[in-house]
Trainee: 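My questions will all concern the structure given below.
Note on naming: letters A, B, ... go to the chains in the order of the sequence lines (proteins, then strands), and numbering restarts at 1 for each one.
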Amino acid sequence: MTLASALTALVNQAVDTAGFAGQAVPPVVPTNNPEHGDYQSNVALRLGRSLDEKIEAAGRIVASLPANDLIESCEVVKPGFINFRLSPVGMARTLEAAANSATNGVPQHGGTLVIDFSSPNIAKRFHVGHLRSTVIGDAIHRIYEACGWRVVADNHLGDWGTQFGKLIVAWNEWRDELAYEEDPIHEVQRLYQHFNQVADDEDAVIKAQCDEDALKEDVVAEMTRVAKELRLFPTWSDRAREETAKLQRGDPANIALWEKFVDASMREFDAIYARMGVEFDETLGESAYRNELQDLVDEWVAAGVAEESQGAIVIPFTKADGKGLSAPLLVRKRDGSALYGTTDLATIKHRMLSWAPDRIVYVVDSRQQGHFRQVFAAAKKLGYDRLSNGGEREPVHFEHAWFGTLRFADGAIASTRAGATANLVDVLDQAVGRARAVVEQKSDHLPEDEKAAIAEIVGVGTVKYFDLRQNPQSDITFDWDESLALNGNTAVYLMYAHARCRSILRNAERDVPVSGIVVSHALERELVLALNRLREVVWESAETYRPNLVADQLYTIASVLARFWNDCRVLGSDEEGSRLALVRATADSMRFGLGLLGIDAPERM
RNA sequence: GCGCGAUUAGCUCAGCUGGAUAGAGCGCUGGCCUCCGGAGCCAGAGGUCACAGGUUCGAAUCCUGUAUCGCGUACCA
């Protein structure tokens, strides 16, 4: 039970006994200014029209509050705010209960969540661009589990698309076997980029030749006409499509190449996931569904949901299907091959039947909003949102938890030259290197292996926190110095707060349980409230898919703690027992909260 | 053209089912270690919350319009 929920329950009762039964009661929230007390309820503002009525309603609610030892005092202010000041015993007791509970005092909600995140494309290096989905998705995974949900984390690899056709063409055309031996994924990526370059150049030539008016009529026909005229037929893109189709038909040579490319990428991905502490319950890439795709599309056609259009098969939409669905969802190309919309639908079917989830969440960047809108609408038309192994069920809730683009501050970094340095491995290495330098400077006395371990935790944590502390939906700018900074609002600040607590607990030389906390000093009060608030914020963070809410609260705790050290002596003070317990609760909370973000916290640093 | 999103301090960003005097980091100015860890703390300067209307006790937050920017717009993912 958090303070907010306990207070909300009290207000609910009071609202009923005051004669407002049946009214919607907004939850009690923290005040934004300590002068107004610790928490406030704004119910009364909705219970009257005039100022007098609101004040009067507030007064009646206050008078109707059940007896309790949580509220020390409360007052009705201006337009009808009800401000609560909490009793020291009440808040201390609440914190102790939270700290000693198996769930860390986080309110528990039931449910099953399937979360689709990271999902890198095979044949591309793991780039900083993949950082966001991976880190945000992993945090959401952990946060939901903390709320008592069963979570299925699925890495939906991009391992079955047209990029393989491109790669196969490029491999057959331009491969450098020696380079592949040395660094497989590097060579694969080179081939992929080279192909795109050549195909783009060709496209540009064709477009330049096209008749604008004809283009509007029928793009494909016009492009084909020009390509033929230029004797480019088949174009590089045509050849890639052909190889893709062959692969999807099970051509042994292409399958063998495909396996080769997938294997090279997976080795790199696995290493990165291990280093970042990211785990999945499933790694079912697009290819996992390859054998069902053709039958599924036929089924959708038979059901009347999908239909032929311009030689392809699409799922069309009407206004009744929702807004922003101007184009149909393409599920089979003219040449018979499948697209990612097809695999996405097959994936939904599989997830519904395997896990019976309440929610399916996709942590994918904002540019795919249109795509997911289509996929979700198509899934509903197909009845996939209610699919079950037997019996009725509520429709699953689909969510595209999109995130903004990561950009580079410095144009030079985003350039080809520096493109290589934006590999995630390089970013992590750079971060760990910088952390190592600081460890050498500040904690040279520690043993070598511990210094290395600390640098790794700090470096990886810094990169993760840089992303997680920002609102996922904002576009974020990656700047080496700012993103890898080790002071200010960074992972280090949080880790340091934890390490200092641990240091004091070590110096105490005894086991310190979280009990006997007496809140007297103003900073003790602030700290206890901040620690309680962490529990309140977790579900809000889960519901809105915003790990930055947790990050924010951790920062608040750490900054209160930094002031606490100045004013409140722990060891040897009259309040030693209580303060040690508080320090213990803080250390545990920081470790717990950082854990929600997938960030480790060293004992000392 | 249509759709989605954004616009808050010099810079990078919080603040989101409407709440009280709009916050943080970086940078800048000035202070603070005889004391459990200074990877820190305190104070200060810095704002027309893009603009114009609207809704109401109350708007950075909701609605409408405008401007600017970004992204998307069927045979890539």
Side-chain angles (χ1 to χ4, degrees), chain A residues 26 29 31-33 35-36 40 42 45 48-51 54 77-81 83 119 121 158 160-163 165-166 196 219-220 237 240-241 244 286 309-314 316 323-335 337 339-341 343 364-371 373-374 402 404-405 407 409 435 438-439 441-443 458 469-471 473-477 479 481-483 485-490 492-493 495-497 499-500 502-504 506-508 544 546 548-549 551-552 555-556 559 562-563 565-573 579 583 604-605:
Chain A
V29 294
T31 60
N32 63 1
N33 183 340
E35 286 173 22
H36 301 139
Q40 68 183 76
N42 302 329
L45 294 164
R49 301 199 117 239
S50 69
L51 189 67
K54 289 171 186 179
V77 189
K78 289 178 212 165
F81 298 125
N83 295 337
S119 309
N121 283 328
W160 197 241
T162 308
Q163 79 262 32
K166 297 179 181 179
N196 282 329
V219 182
V220 178
S237 298
R241 272 191 287 272
T244 305
E286 297 173 343
S309 169
Q310 298 177 25
I313 306 289
V314 303
K323 286 184 185 172
L325 293 165
S326 47
L329 177 68
L330 197 60
V331 291
R332 182 186 286 164
K333 295 192 266 188
R334 294 179 173 193
D335 63 15
S337 50
L339 298 96
Y340 79 138
T343 46
V364 181
D365 82 273
S366 63
R367 286 171 304 195
Q368 295 197 35
Q369 284 182 90
H371 170 69
R373 199 185 287 256
Q374 289 180 318
W402 58 269
T405 314
R407 306 170 188 285
V438 179
V439 176
Q441 179 200 329
K442 306 268 183 186
S443 307
V458 169
R469 63 170 235 258
Q470 314 201 44
N471 185 325
Q473 298 197 337
S474 301
D475 288 347
I476 66 175
T477 308
D479 173 272
D481 287 332
E482 205 169 306
S483 307
L486 299 174
N487 49 38
N489 183 357
T490 64
V492 172
Y493 187 77
M495 291 179 188
Y496 184 69
R500 255 191 100 168
R502 297 304 310 173
S503 172
I504 287 180
R506 274 196 306 275
N507 291 339
T544 57
R546 285 186 303 172
N548 67 308
L549 298 182
D552 264 6
Y555 180 74
T556 300
S559 76
R563 285 182 286 133
W565 300 135
N566 285 344
D567 287 19
C568 301
R569 175 80 200 183
V570 177
L571 296 177
S573 70
R579 286 182 177 169
V583 167
R604 47 185 186 173
M605 56 193 287

Trainee: Measure up the A/Tyr555 and A/Tyr493 rings against each other and bin them: parallel (under 30°), tilted (30 to 60°), perpendicular (over 60°).
Mentor: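 Tilted.
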Trainee: Look at the side chain of A/Arg500 and decide which nucleotide, out of B/C75, B/A24, B/C36, has an atom nearest to it.
Mentor: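 Among the listed nucleotides, the one closest to the side chain of A/Arg500 is B/C36.
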Trainee: With a 3.5 Å cut-off and just heavy-atom distances, do the side chain of A/Tyr340 and the base of B/A77 make a donor-acceptor pair?
Mentor: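 In this structure, the two groups form a donor-acceptor pair.
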Trainee: Can you tell which of B/G40, B/G70, B/C76 lies closest to the side chain of A/Thr162?
Mentor: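 Between B/G40, B/G70, B/C76, the one nearest the side chain of A/Thr162 would be B/C76.
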Trainee: Below the 4.0 Å mark, does B/A24 have OP1 or OP2 next to a side-chain nitrogen or oxygen of A/Tyr555?
Mentor: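 No.
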Trainee: With respect to the phosphate group of B/G15, does any side-chain polar atom (N or O) of A/Asn471 fall under 4.0 Å of OP1 or OP2?
Mentor: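 The answer is yes; a side-chain N or O of A/Asn471 sits under 4.0 Å from OP1 or OP2.
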Trainee: Under 4.0 Å, heavy atoms only, any strand: does A/Phe81 hit a base, just the sugar-phosphate, or nothing?
Mentor: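 A/Phe81: base contact, heavy atoms under 4.0 Å.
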Trainee: Determine whether any donor atom in the side chain of A/Ser366 lies under 3.5 Å from an acceptor atom in the base of B/G5, or the reverse, and answer yes or no.
Mentor: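 Absent.
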Trainee: Enter the distance from A/Asp365:CG to A/Trp402:CH2 here, rounded to the nearest 0.5 Å.
Mentor: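 Here the interatomic distance stands at 10.0 Å.
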Trainee: Rounded to the nearest 0.5 Å, what separates atom CD in A/Gln473 from atom OG in A/Ser366?
Mentor: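 These two atoms lie 9.0 Å from each other.
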Trainee: For A/Arg469, report the nucleic acid contact type (base, sugar-phosphate, nothing); a contact means any heavy atom under 4.0 Å.
Mentor: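 Since no nucleic acid heavy atom lies under 4.0 Å of A/Arg469, the category is nothing.
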Trainee: Quickly work out the A/Asp567 CG to B/C36 P distance and round it to whole Å.
Mentor: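 To the nearest whole Å, that distance equals 15 Å.
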Trainee: Could you say whether A/Gln470 or A/Ala562 is positioned toward the 5' end of RNA chain B, judged by the nucleotide with the nearest heavy atom to each?
Mentor: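 Per heavy-atom nearest nucleotide, the more 5' residue is A/Gln470.
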Trainee: So what's B/A45 paired with, Watson-Crick or G-U wobble, going by both distances under 3.5 Å?
Mentor: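 Here B/A45 is not engaged in any pair, so there is no nucleotide opposite it.
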Trainee: Report the distance from atom CG of A/Asn32 to atom P of B/G58, rounded to the nearest whole Å.
Mentor: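 Those two atoms, CG and P, are 19 Å apart.
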Trainee: Anti or syn, where syn is a glycosidic angle within 90° of 0; which label fits B/C11?
Mentor: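 Classified anti.
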Trainee: Any strand is fair game: report the nucleotide pairing with B/G25 by Watson-Crick or G-U wobble, both distances under 3.5 Å, or none.
Mentor: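 Its partner is B/C11.
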Trainee: Quick one: CG on A/Asn489 to CG on A/Asp552, what's the gap to the nearest 0.5 Å?
Mentor: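 Result: 7.5 Å between the selected atoms.
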Trainee: Is there a donor on the side chain of A/Gln374 or the base of B/A74 sitting less than 3.5 Å from an acceptor on the other?
Mentor: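 Checked by distance alone, the answer is no.
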Trainee: Measure the distance from CG on A/Leu549 to C1' on B/C13 and round it to the nearest whole Å.
Mentor: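 Going from CG in A/Leu549 over to C1' in B/C13 covers 14 Å.
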Trainee: What integer distance in Å separates A/Lys54:NZ from B/G18:C1'?
Mentor: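 Taking NZ of A/Lys54 and C1' of B/G18, I get 12 Å after rounding.
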Trainee: Taking the side chain of A/Arg334 as its heavy atoms from C-beta onward, which of B/C75, B/A14, B/A39 lies nearest to it?
Mentor: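 Nucleotide nearest to A/Arg334's side chain: B/C75.
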Trainee: Can you see if the side chain of A/Arg563 gets near the phosphate of B/C42 - specifically, an N or O under 4.0 Å from OP1 or OP2?
Mentor: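 Yes, such a contact exists.
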Trainee: Base, sugar-phosphate, or nothing: which does A/Asn196 touch, judged by heavy atoms less than 4.0 Å apart?
Mentor: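 Answer is nothing: A/Asn196 stays at 4.0 Å or more from every strand.
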Trainee: Considering Watson-Crick and G-U wobble pairs with both distances under 3.5 Å, what does B/A59 pair with?
Mentor: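 Because no pair has both required distances under 3.5 Å, B/A59 counts as unpaired.
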Trainee: Report which part of the nucleic acid A/Ala312 touches: base, sugar-phosphate, or nothing (heavy-atom distance under 4.0 Å, all strands).
Mentor: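 It contacts base atoms.
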Trainee: Consider the side chain of A/Leu339, meaning its heavy atoms from C-beta on, and name the nucleotide among B/A39, B/C57, B/A77 that approaches it most closely.
Mentor: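 Output: B/A77.
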Trainee: How long is the gap from OG1 on A/Thr162 to OH on A/Tyr340, to the nearest 0.5 Å?
Mentor: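 These two atoms lie 11.0 Å from each other.
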Trainee: Mind checking A/Asp335 for me? I need base, sugar-phosphate or nothing, with any heavy atom below 4.0 Å counting as a touch.
Mentor: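 Contact class for A/Asp335: none.
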Trainee: Given side chain to side chain donor-acceptor pair (under 3.5 Å), test A/Ser337 with A/Asp335 step by step and report yes or no.
Mentor: CA-CA 6 Å; A/Ser337 50; A/Asp335 63 15; 2.6 Å; yes
Trainee: Scan every strand shown for a Watson-Crick or G-U wobble partner of B/G3, both distances under 3.5 Å, and answer none if you come up empty.
Mentor: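 B/G3 is paired, partner B/C71.
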Trainee: Could you tell me which nucleotide pairs with B/C33 by Watson-Crick or G-U wobble geometry, both distances under 3.5 Å, or answer none if nothing does?
Mentor: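 Here B/C33 is not engaged in any pair, so there is no nucleotide opposite it.
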Trainee: Looking only at side-chain N and O atoms, does A/Asn507 come under 4.0 Å of OP1 or OP2 in B/G37?
Mentor: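 Looking at the OP1 and OP2 atoms of B/G37, one of them is under 4.0 Å from a side-chain N or O of A/Asn507.
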Trainee: Grab the CZ-C1' distance between A/Arg569 and B/G37 for me, whole Å please.
Mentor: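 Whole-Å distance recorded here is 12 Å.
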Trainee: Describe the nucleic acid contact of A/Gln473 in one word from base, sugar-phosphate, nothing, applying a heavy-atom distance below 4.0 Å.
Mentor: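 Nothing, no nucleic acid heavy atom in range.
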Trainee: Figure out the CG/P separation between A/Leu330 and B/U73, and round it to whole Å.
Mentor: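 Interatomic distance, CG of A/Leu330 to P of B/U73: 13 Å.
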Trainee: On RNA chain B, compare the nucleotides closest to A/Gly311 and A/Arg373; which residue's is nearer the 5' end?
Mentor: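 Mapping each residue to its closest nucleotide by heavy atoms, the 5'-most match is A/Arg373.
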Trainee: On the nucleotide B/G38, are OP1 or OP2 found under 4.0 Å from the side-chain N or O atoms that A/Tyr493 carries?
Mentor: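 The answer is no; no side-chain N or O of A/Tyr493 sits under 4.0 Å from OP1 or OP2.
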Trainee: Does A/Ser474 place a side-chain N or O at less than 4.0 Å from the phosphate oxygens OP1/OP2 of B/A14?
Mentor: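 Answer is yes, contact under 4.0 Å.
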Trainee: Should A/Arg241 be listed as having a side-chain N or O under 4.0 Å from OP1 or OP2 of B/C76?
Mentor: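 For B/C76, OP1/OP2 do have a side-chain N/O of A/Arg241 under 4.0 Å.
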Trainee: Classify the side chain of A/Asn42 versus the base of B/A20 as yes if they form a donor-acceptor pair under 3.5 Å and no if they do not.
Mentor: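 Counting by modelled atom types and ignoring angles, no donor-acceptor contact under 3.5 Å is found here.
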Trainee: From the list B/G5, B/G19, B/A74, which nucleotide is the closest neighbour of the side chain of A/Gln310?
Mentor: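 Output: B/A74.
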Trainee: Quick check, does A/His36 stack with B/A20? I mean ring centres under 5.5 Å and planes off by under 30°.
Mentor: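 A stacking contact exists, since A/His36 sits close and nearly parallel to the base ring of B/A20.
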Trainee: Quick one: does A/Arg334's side chain get under 4.5 Å of A/Gln310's, heavy atoms only?
Mentor: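 In contact.
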Trainee: With a 4.0 Å cut-off on heavy atoms, is A/Asn548 in touch with a base, just the backbone sugar-phosphate, or nothing at all?
Mentor: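 Counting heavy atoms under 4.0 Å across all strands, the contact made by A/Asn548 is with sugar-phosphate only.
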Trainee: How would you label the contact of A/Leu325 with the nucleic acid (heavy atoms, under 4.0 Å): base, sugar-phosphate, or nothing?
Mentor: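 The residue A/Leu325 makes no contact with any strand.
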Trainee: Need the pair for B/G18. Rule: Watson-Crick or G-U wobble, both distances under 3.5 Å, any strand; none if unpaired.
Mentor: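 By the stated definition (distances under 3.5 Å), nothing pairs with B/G18.
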Trainee: Could you please name the option among B/G37, B/C36, B/A20 that lies closest to any side-chain atom of A/Trp565?
Mentor: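 Closest nucleotide to the A/Trp565 side chain: B/C36.
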Trainee: Can you tell me if A/Thr477 touches the phosphate of B/C13, counting only side-chain N or O atoms and a distance under 4.0 Å to OP1 or OP2?
Mentor: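 A/Thr477 to B/C13 OP1/OP2: side-chain N or O found under 4.0 Å.
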Trainee: Under 4.0 Å, counting only non-hydrogen atoms across every strand here, what does A/Met605 touch: a base, just sugar-phosphate, or nothing?
Mentor: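 Result for A/Met605 = base.
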Trainee: Which nucleotide, B/C41, B/G15, B/C75, lies nearest any side-chain atom of A/Arg546?
Mentor: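 Given the options B/C41, B/G15, B/C75, the side chain of A/Arg546 is closest to B/G15.
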Trainee: Take the protein atom CD of A/Gln368 and the nucleotide atom C1' of B/G3, then report the distance between them rounded to whole Å.
Mentor: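 To the nearest whole Å, that distance equals 16 Å.
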Trainee: How long is the straight-line distance from CG of A/Leu51 back to CZ of A/Arg49, given to the nearest 0.5 Å?
Mentor: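 Taking CZ in A/Arg49 and CG in A/Leu51, the distance rounds to 14.0 Å.
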Trainee: For B/G65, which nucleotide is its Watson-Crick or G-U wobble mate, given both distances must be under 3.5 Å?
Mentor: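 Across all strands, the one nucleotide that pairs with B/G65 is B/C51.
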Trainee: Could you tell me whether the side chain of A/Ser309 has a donor or acceptor atom within less than 3.5 Å of a complementary atom in the base of B/A74?
Mentor: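 Counting by modelled atom types and ignoring angles, a donor-acceptor contact under 3.5 Å is found here.
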Trainee: What is the distance, to the nearest angstrom, from the NZ atom on A/Lys442 to the P atom on B/G38?
Mentor: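 Result: 10 Å.
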Trainee: May I ask you to test the A/Asn83-A/Gln40 pair for a side-chain heavy-atom distance under 4.5 Å?
Mentor: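 The answer is yes; the side chains approach within 4.5 Å.
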